[in-house]
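The structure appears right after this line, and notes come after that.
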Number of protein chains: 2
Amino acid sequence: MDNEEGAKLIDVAKLAECSPATVSRVLNGNPTVNRGVRERVIRAAAELRYVPNGSARALRSTRTRLVGAIIPTLDHAIYATMVDALQARLAEKGVSLILNTSTYDIDLEYEQAKLLVERGAEAVLLVGAEHRPQTLAMLEQKRVAYVFTYTSTATDAGAAVGFDNEKAGRAAARYLLDLGHTRLGMIAGITQDNDRAKGRRDGFLRELAKAGIDAASVPVAEGAYKIENGRSSMKMLMASSPRPTAVFCGSDILAAGAIKYCVEAGLAVPKDISIIGFDNLEIAVLTAPELTTLEVPARDMGRLAADYILASPLQRRHLRERELPISLVVRGSTGPGRAN
Amino acid sequence: MDNEEGAKLIDVAKLAECSPATVSRVLNGNPTVNRGVRERVIRAAAELRYVPNGSARALRSTRTRLVGAIIPTLDHAIYATMVDALQARLAEKGVSLILNTSTYDIDLEYEQAKLLVERGAEAVLLVGAEHRPQTLAMLEQKRVAYVFTYTSTATDAGAAVGFDNEKAGRAAARYLLDLGHTRLGMIAGITQDNDRAKGRRDGFLRELAKAGIDAASVPVAEGAYKIENGRSSMKMLMASSPRPTAVFCGSDILAAGAIKYCVEAGLAVPKDISIIGFDNLEIAVLTAPELTTLEVPARDMGRLAADYILASPLQRRHLRERELPISLVVRGSTGPGRAN
DNA sequence: CTGTTAGCGCATTCAT
DNA sequence: ATGAATGCGCTAACAG
């Protein structure tokens, strides 16, 4: 009965010659326990290699110290980085993270949210603001806090830590317009069920429209975030007429593919064609020329989402709807548009 | 008492006019329940929006359907990809993944493993074979299965799904040697507490030694997996004399930085200097020239580790120690060494 | 400051 | 095929 499967709290109590309740108090950092007893308990627990049973704890206390996150994929570095920061911050406070990837499928997201609720997640991180209504309804009914990331619009019940994708799209357009470009194109991510990609595209087109450039005249390609899709999309755009002199890509990955195509096709970047990316991934410095891009604060979003989750319900009121700045990182892939 | 916080199993039983035991049977797919009753239960559960309490279930049944993974960091795409595959496979079977990043710190890894055991993880995925003895001892004592990845050496109690890093290092050396290079260098990852990085380095040096090249004459730089470290390490290597004509990098990230330095310094790749990477990340095609590299089967490791975890204890015996092949992907960054 | 009592929600005996 | 009873391991009241 010593080196069996595992000692329980009551075994610790016996060895420390006190009641289970006292052991529980020590374990939970309750300060109203005498030094001497506390030390005996700690020693007994160590001796028995006692590991608390989280399920029992959770059942009794209704606190699981479990948080969930549902992201589209870990294959995109921007999400991986956000999760990395989220996890690090949560771990500091002894909170564990259950991770799910939805592969951009909001129906699958619903299933995963349900499982998270079952597991007792006390809060859930979601990406974007576009979700099945029943997903949010369930979270709300079960009193599970949720935070949107990559967006700055919260709901009544949820918070948001992110940025305004529409504004970001407009910023890209404005920058290119200011450089004198008048023939623009875009390689967006896949916009279906994806408010971030849609927001960026719409913002981009809207700003162009304000400058008198009809959206219908702006070629927009769509592709999953793969270098190869950036390449093939760029090829398409360059075949449209009149040919764009500047292209906004919904991700640095796409932009890298786009530049790759230009190199192959003998198009000079930025002389013949300006390319601006999105994310500011580490790889933005690998292309030649290096990528001008809009920086997404992935790590900050992860950390701040964690802060929101870790905050008390009271503090949370002050943390809802946190809009982070998007900054333009100018490198070599953009240049002046030629006068028409 | 209807749209309160949440219905419990007993509420479902009442509405379905049966006993809690029967509801439990239906929920767990026990086939010994009459069609009619089963359907009533299912309807009642749906109507009440019943969500089972995982903690209670786990406490009672000692099955949590929770699995843990401790990886060094999500900032390295190779781990992110592995976790992505792992999670996808586990999710198919309704198993949730608790993710922790150890930042390459095996003491922190121990703490995280302990927390995973507390949470009731039924299995844990670990990276590499180098861990604190107490980490594995704890897992074994608590009967938590574990799988090593990125290595092919299992322990008595644990499994391994991965490849032989030493062999991979030797393969890189052999390839460069066969190209005729005699002055070699290496940019390794950080080898402290890291058997993968060490294995690659040692294998590389050993193969060179076999070819009569003294390890002491081979400059080896170390750096975390950042482009900038690849750049600065390459600068150092190029300053050593005699200058290497071929460099093996412990990651494509380092290799990309190394190429970056060469471009800046006016060194032609592969004419003046051959560079071989490791991982075959998506970015391997972004450098100019594209990277010759050894491909790490990240996605396969995640999927196969999941298969191991999901297998029954019996089946597991057949799945221990799975060595996956490492393949060389030849692109443009390597070329023949000049005759001395 | 510490012990006693009770029960969290469910799955599992054991009956029937 | 179904129901009644029991207790998983722990923490929260409440005493003392």
Side-chain angles (χ1 to χ4, degrees), chain A residues 1 4-42 44-45 48-66 94 117-122 142-143, chain B residues 1 4-42 44-45 48-66 94 117-122 142-143:
Chain A
M1 79 178 213
E4 285 296 340
E5 239 262 39
K8 308 180 245 176
L9 183 140
I10 195 162
D11 300 321
V12 177
K14 279 174 193 153
L15 185 58
E17 294 177 307
C18 65
S19 77
T22 298
V23 175
S24 174
R25 289 186 185 102
V26 172
L27 262 42
N28 294 329
N30 185 323
T32 76
V33 178
N34 259 349
R35 273 282 294 267
V37 185
R38 149 168 280 114
E39 278 166 10
R40 257 174 25 234
V41 168
I42 291 175
L48 296 175
R49 288 166 170 62
Y50 170 69
V51 175
N53 179 319
S55 300
R57 264 165 105 133
L59 179 57
R60 185 57 238 244
S61 67
T62 66
R63 300 213 48 208
T64 57
R65 302 187 69 66
L66 240 35
V117 171
E118 252 187 76
R119 302 279 189 245
E122 295 174 358
K142 301 294 177 189
R143 306 280 193 280
Chain B
M1 77 179 219
E4 285 297 338
E5 238 262 41
K8 308 182 245 176
L9 183 141
I10 195 163
D11 300 320
V12 177
K14 279 174 193 152
L15 185 58
E17 294 176 306
C18 66
S19 76
T22 298
V23 176
S24 174
R25 290 186 184 101
V26 172
L27 261 43
N28 295 14
N30 185 324
T32 76
V33 179
N34 261 346
R35 273 282 294 266
V37 185
R38 150 169 278 113
E39 277 166 11
R40 261 176 19 234
V41 168
I42 291 175
L48 295 175
R49 289 167 167 63
Y50 170 70
V51 175
N53 180 319
S55 301
R57 263 163 106 129
L59 179 58
R60 185 57 238 244
S61 68
T62 67
R63 300 214 47 206
T64 57
R65 302 187 70 65
L66 240 35
V117 172
E118 257 189 69
R119 303 280 189 243
E122 295 174 356
K142 302 294 176 187
R143 307 278 193 279

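All chains are named by letter (A, B, ...) in the order of the sequence lines, taking the proteins before the strands, and each is independently numbered beginning at 1. Hydrogens, waters and symmetry mates play no part in the numbers below; they use all other heavy atoms, side chains included.
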- Range on DNA chain D touched by chain B, heavy atoms, distance below 4.0 Å: D:dA1 to D:dG9
Touch check for [X], heavy atoms < 4.0 angstrom, all strands: base, sugar-phosphate only, or nothing?
X	result
B:Val23	nothing
A:Thr22	sugar-phosphate
B:Leu9	sugar-phosphate
B:Pro20	nothing

- Query: Checking A:Arg25 side chain against A:Thr32 main chain: does a donor-acceptor pair fall under 3.5 Å?
  - Reply: no
- Query: Counting only N and O atoms by type, is there a donor-acceptor contact under 3.5 Å from the side chain of A:Asn28 to the main-chain atoms of A:Asn30?
  - Reply: no
- Overall bend - the helix from C:dC1-D:dG16 to C:dT16-D:dA1, comparing terminal axes fitted on five pairs, nearest 10 degrees: 30°
- DNA chain D: 5'-proximal contact among B:Leu59 and B:Ser19 (nearest heavy atom): B:Ser19
- 5′-ward residue of the pair B:Val37/B:Thr62 relative to DNA chain D: B:Val37
- Query: Quick one: the side chain of A:Arg25 and the base of C:dG3, do they pair up donor-acceptor inside 3.5 Å?
  - Reply: yes
- Item | Over 12 foreign heavy atoms within 6.0 Å of CZ, A:Arg65 | yes
- Of all heavy-atom pairs linking A:Leu48 and A:Ala7, the shortest is CB-CB, 3.7 Å
- Using salt bridge (charged side-chain N to carboxylate O under 4.0 Å, His left out) as the criterion, list what pairs up with B:Glu39, not counting sequence neighbours. B:Arg35
- So which nucleotide from C:dC8, C:dG3, C:dT2 ends up closest to the side chain of A:Cys18? C:dG3
- Select one nucleotide: of C:dA11, C:dG9, C:dC1, the one nearest the side-chain heavy atoms of B:Asn53. C:dG9
- Do A:Leu9 and A:Leu27 pass the side-chain contact (heavy atoms from CB on, under 4.5 Å) test, and can you show the C-alpha distance, the side-chain angles, and the key distance before you say yes or no? CA-CA 10 Å; A:Leu9 183 140; A:Leu27 262 42; 4.1 Å; yes
